[in-house]
Amino acid sequence: MFAVTILGNNSATPAYGRFPTSQVVTINEHQILIDCGEGTQMQLSKYKIRKRKINHILISHLHGDHYFGLVGLLTSMGLLGRETDLHLYAPAALEKIIQLQFESSNISMPYTIHFHPLTEEGIIADENKFSIKCFKVKHTIECWGFIIKEKKVPKKLDKEKAVEYNIPAAYYNSLKEGNDYVTKEGTIIKNELVTTPNTPEKTYAFCADTIYFEEMIDKIKNTTLLYHEATYLKDLENKATQYCHSTTVQAATIAKKSNAKKLLIGHFSSRYEVLDDFLTEAKEIFDNTELAIESVTYIV
Ligand SMILES: [Zn+2]
Ligand SMILES: [Zn+2]
């Protein structure tokens, strides 16, 4: 499974029961937390997402609505006896902030936090099943977007067929890579007899807090699922520009111009109680849009 679960979709302050930004991306057995606004660990418990499964945390920028829940979460992970290493990717200043809080409360964690400061665009994590890339967006302070890409082997194995041809399990990975199998007698079992082509690799792009800027389009081209903030409705475009945020129409325009398959919009301003107009406005430009709603899991 490759999916994103929304834990918080509001901007700046919690409002109308909506929490500030946080999302969990699930790629099979892996979980990646993106941003950690206040209340994130409560949301994780509420939606039964196990903290110990999260080994990567990405923080887009150091506005409080994106990280004020982090020290609480890191501390709880320690109190719950976590021993597995945790990888934290964030603007450099976060390392000092965390250290100061831990030092002041005289606590040390029973697990290692590997802090990776975001310095330049590119791959920041390269695991067996996925990779994570960061890219710069434009906001009032240093701010980063992330692209999570699943990795797939080129072929899917038809196990029944492989057994039929008496191919030992030790060769299954080689078959998935597209190689033929040669029997002891020298007979070649062609790869296509025991495999089928795999589905294309999918990507999830998280565009953080950003003003509308078209240079982004190249960075996120052809994303399977694109999350773009839409803090305001279209009539407040001036306000969006003033605060380095985007509107519904701007988010949908980025989705359209970057050829995204599907758009998810969030980071709604606390001035709006009802969100229906966000969807209507965005859909006028890019039909395959959904609102990022807390507790909902969106398949990539
Ligand atoms: Zn924000
Ligand atoms: Zn911000």
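Every number for a ligand or one of its atoms is a count from 1 in the order of the listing.
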Should the pair Y89 and H56 be assigned to parallel (<30°), tilted (30 to 60°) or perpendicular (>60°) ring geometry? parallel

Just say parallel, tilted or perpendicular for the rings of H87 and H116, cut-offs at 30° and 60°. parallel

Please name the atom of D65, limited to N, O or S, that comes nearest to the Zn ion (ligand 1). OD2

Please give the atom name: the N, O or S atom of D209 nearest to the Zn ion (ligand 1). OD2

Aromatic contact between [X] and [Y], with the criterion being ring centroids under 6.0 Å apart: yes or no?
X: H267; Y: H66; value: yes
X: F130; Y: F2; value: no
X: F278; Y: F268; value: yes

Within 2.8 Å of the Zn ion (ligand 2), is there any N, O or S atom belonging to H245? no

Would H63 count as a contact for the Zn ion (ligand 2), in the sense that one of its N, O or S atoms lies under 2.8 Å from it? yes

Atom name of the N, O or S atom in H61 that lies nearest to the Zn ion (ligand 2): NE2

Please name the atom of H139, limited to N, O or S, that comes nearest to the Zn ion (ligand 2). NE2

For the Zn ion (ligand 1), angle spanned by H267 NE2 and H66 NE2 (nearest 10°) is 100°

Salt bridge or not for K46 and E294, using N-O below 4.0 Å? no

